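In this text the structure is predicted, and so the values were computed from the model without any measurement.
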Amino acid sequence: TRPRRRSRITPPDRHPLAEEAGLHTPCGTSNERSQTTTRGKSRLVLLLVLGALLLGACSGDSTDTASSPATAEAPSPTEAPSNTAPADPGDASCITPASAAFERPFDVDPEDYPFRSCAFETNAGRIHYFDEGPRDADETILMVHGNPTWSFLYRNIAAAMIEDGHRVVALDHLGMGMSDVPPTAEFDYRPRSHADNLEDLVVALDLQNVTLVVQDWGGPIGLGMATRQPERMSHLLIMNTWAWSIDPDDPGAYHELVDWTEQDIRFLGSTPTAFCDLALTGQSELTAAEADPSRGALYERVLAAYLAPAIDPVTGDYRTSEPCAPMLIFAESIGEDDAFQGEVEARMENLHGTPYSLLFGLSDQLFGALRCDADADQPCPAGTTCTCQDDLLPARIDRDCDNRAAAEFRICALPDGSIIDPYADRFEDILGSESLVSREVVRNADHMVQEWAPERVIQALRGLLAHQEAE
């Protein structure tokens with residue numbers, strides 16, 4: 001057992017990340033937004049989007065695959081306003097009544113996001129979602145995003161699944177994407193509340209035979225819903241996430257999540273617009289670079305799509321009086337909502353026997369390969385060595401072990417050079433190996449696997465669904 005961890009928080013005006021991110025001056029110039037500034041911002045972004053950050057501009061496809069053989073109760077969600085309406089199984093229109101008067105709060109290029117917008121009324125505001133494909137399809141694929149993204153993240157995977165003949169549903173959590181942004185006095189933006197909203201939507205649409213796809217905060221939220229509606233679930237695809245309580249005093253293999261929380265929440269919380277100014281902007285730039293490493297027209301469209309929910313593209317002004325509050329609350333919830341995560345873990349047994357697959361990007365600092373713990377008396381588990389492997393470094397430091405920044409991202413390797421994948425290991429322990437269809441990794445993929453390697457996500461989904469057909 002590790003002793004209580006030493007806090008590495010420093011005052012905002014002396015925070016080491018502030019100088020690296022160009023915050024030592026009141027306002028950075030365009031010249032100051034150099035590669036160094038971008039890298040500094042990406043370090044801040046990492047925590048706040050739960051490791052969804054640090055996505056560099058390289059998108060090589062070095063991959064490893066390891067296939068395995070078909071290997072306290074939370075309160076029920078508050079009843080939402082009536083959202084059900086009869087629908088013809090072949091009808092492509094939106095089912096929920098709130099869709100009729102819904103207008104998109106911003107434009108997005110239909111070439112990238114060709115889906116019809118629907119809306120679902122909650123007690124706090126309208127949730128935006130799309131519902132494509134035949135209503136009577138054998139499988140419904142439900143995609144749940146994390147922070148600070150929205151259903152746009154799944155656009156490539158959704159298009160492929162729709163073409164395959166499946167029904168596909170993807171939502172934007174309240175406060176994100178095209179959903180309404182109620183003030184924090186009216187909605188707490190905690191993951192438990194998001195899970196309740198998701199469950200209400202699933203029940204209103206009466207989704208059955210659901211293949212649930214989750215990543216980042218989509219894990220605790222989506223699995224929080226699924227463990228209360230297990231009879232609706234047919235498959236699970238789990239990517240770079242978690243669904244259990246983590247002890248901040250003894251985090252073990254999950255130390256990166258705790259370290260970044262301790263260091264950066266207070267820093268970004270010191271300025272009301274810090275999350276929007278740094279985390280959202282930096283993350284969006286990095287994510288867009290994954291979609292288009294050449295930083296051409298596609299890069300600009302993707303960047304605009306990720307910034308538009310919070311920042312008006314015409315005026316450059318924030319859309320609400322609480323800029324990015326829903327996203328910052330997600331970050332705060334890493335530690336503050338540990339009880340909810342523990343409840344999800346306790347209910348995971350409800351999903352035993354559900355076929356599932358794991359797909360993890362290993363260069364993700366939070367949810368990828370086990371990183372050395374510089375704060376621990378023993379940085380790596382017994383029998384492993386703290387070392388550097390180029391392709392497991394974040395792309396933002398050029399995947400070069402000679403880069404001095406690489407020391408921060410060293411990993412614990414076994415004598416044969418193989419690595420430990422603690423989050424995937426834990427999911428297999430919780431859900432069991434009997435129902436595991438495949439366990440795969442993308443070695444050079446960072447947190448947003450959907451942007452890094454959409455073709456691998458599509459491949460994993462097709463394999464998962466084909467497994468049922470084979471049975």
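In this structure, R371 has no salt bridge (charged side-chain N to carboxylate O under 4.0 Å, His left out) partners at least two apart in sequence or on a different chain. For D107, there are no side-chain contact (heavy atoms from CB on, under 4.5 Å) partners at least two apart in sequence or on another chain. Here D425 pairs with R439 under the salt bridge (charged side-chain N to carboxylate O under 4.0 Å, His left out) rule; sequence neighbours left out. The ring pair (Phe, Tyr, Trp, His ring centres under 6.0 Å) check on F106 picks up W150, with sequence neighbours excluded. The salt bridge (charged side-chain N to carboxylate O under 4.0 Å, His left out) test applied to E111 returns R301, not counting sequence neighbours. With sequence neighbours left out, the salt bridge (charged side-chain N to carboxylate O under 4.0 Å, His left out) criterion links R462 to D164. The side-chain contact (heavy atoms from CB on, under 4.5 Å) test applied to A253 returns L370, P422, not counting sequence neighbours. Residues satisfying the ring pair (Phe, Tyr, Trp, His ring centres under 6.0 Å) criterion with F427, sequence neighbours excluded, are W244. With sequence neighbours excluded, the residues satisfying side-chain contact (heavy atoms from CB on, under 4.5 Å) with I329 are T184, Y189, R190, E332, S333.
Contact annotation: the side chain of M448 approaches that of Q215 to within less than 4.5 Å [non-hydrogen atoms, C-beta and beyond]. Residues I141 and I157 fail the side-chain proximity criterion, which asks for heavy atoms closer than 4.5 Å.
Atom CG of L366 sits about 10.0 Å away from atom NE2 of H255, to the nearest 0.5 Å. In this structure, L358 CG and L237 CG are separated by 8.0 Å, a value rounded to the nearest 0.5 Å. For the atom pair CG of L286 and CG of L303, the computed distance is 10.0 Å after rounding to the nearest 0.5 Å. To the nearest 0.5 Å, atom CG of residue N209 and atom CG of residue L142 are 13.0 Å apart. The CG atom of N444 sits 6.0 Å away from atom OG of S363, with the distance rounded to the nearest 0.5 Å. Here T387 contributes atom OG1 and I419 contributes atom CD1; the two are 13.0 Å apart, rounded to the nearest 0.5 Å.
S357 and E440 are not linked by any side-chain donor-acceptor pair at a separation below 3.5 angstrom, with hydrogens and angles left out of the test. N197 and T122 form no side-chain donor-acceptor contact under 3.5 Å, judged by distance and modelled atom types alone. Side-chain contact of T287 with E451: a donor-acceptor pair under 3.5 Å is absent, judged by distance alone.
At distances below 3.5 Å, at least one donor-acceptor pair connects side-chain atoms of D180 with backbone N or O atoms of R126. Between the side chain of E428 and the backbone N or O of A424, no donor-acceptor pair lies under 3.5 Å. Between the Q283 side chain and the T149 main chain, no donor and acceptor come within less than 3.5 Å of each other. For the pair T354 (side chain) and S234 (backbone), a donor-acceptor distance under 3.5 Å is absent. Of the possible polar contacts, none joining the W452 side chain to the G361 backbone as a donor-acceptor pair under 3.5 Å is found.
Within the structure, the salt bridge (charged side-chain N to carboxylate O under 4.0 Å, His left out) test picks out no pair touching residues 302-324 (sequence neighbours left out). For residues 275-316, every residue pair satisfying the disulfide (SG to SG under 2.5 Å) rule, not counting sequence neighbours, is listed here: C276-C324.
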Exercise. Start with the C-alpha gap between C380 and C412, add the side-chain angles, then the distance that decides, and say whether disulfide bond (SG atoms under 2.5 Å apart) holds.
Key: CA-CA 6 Å; C380 286; C412 298; 2.0 Å; yes

Exercise. Applying side-chain contact (heavy atoms from CB on, under 4.5 Å), run through L207 and R167 and close with a yes or a no.
Key: CA-CA 10 Å; L207 301 184; R167 181 181 183 182; 3.8 Å; yes

Self-check item: Chi angles and distances behind the side-chain contact (heavy atoms from CB on, under 4.5 Å) call for T96, D131
Solution: CA-CA 10 Å; T96 49; D131 182 356; over 6 Å; no

Quiz item: Are Y306 and L153 close enough, and set up right, to give a side-chain contact (heavy atoms from CB on, under 4.5 Å), and what steps lead you there?
Solution: CA-CA 9 Å; Y306 281 120; L153 178 67; 3.3 Å; yes

Practice problem: Quick one: do T241 and Y423 satisfy side-chain contact (heavy atoms from CB on, under 4.5 Å)? Show the steps, please. | Solution: CA-CA 7 Å; T241 188; Y423 287 88; over 6 Å; no

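Contact record, G316 with I311: O-CG2, 3.6 Å, taken as the closest heavy-atom pair. Scanning all heavy atoms of the two residues, the minimum distance from A369 to L392 falls at CB-CD1, 4.1 Å.
Taking the six-membered ring for Trp and the full ring otherwise, the centers of F367 and F360 sit at least 6.0 Å from each other. Residues H194 and F187 bring their aromatic ring centres within 6.0 Å.
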Listing, residues 169-178 side-chain donor-acceptor contacts under 3.5 Å, not counting sequence neighbours, or none:
from : atom 1 : to   : atom 2 : distance (Å)
D172 : OD1    : S151 : N      : 2.8
D172 : OD1    : S151 : OG     : 2.7
D172 : OD2    : H128 : ND1    : 2.8
D172 : OD2    : M178 : N      : 2.9
H173 : NE2    : H145 : O      : 3.0

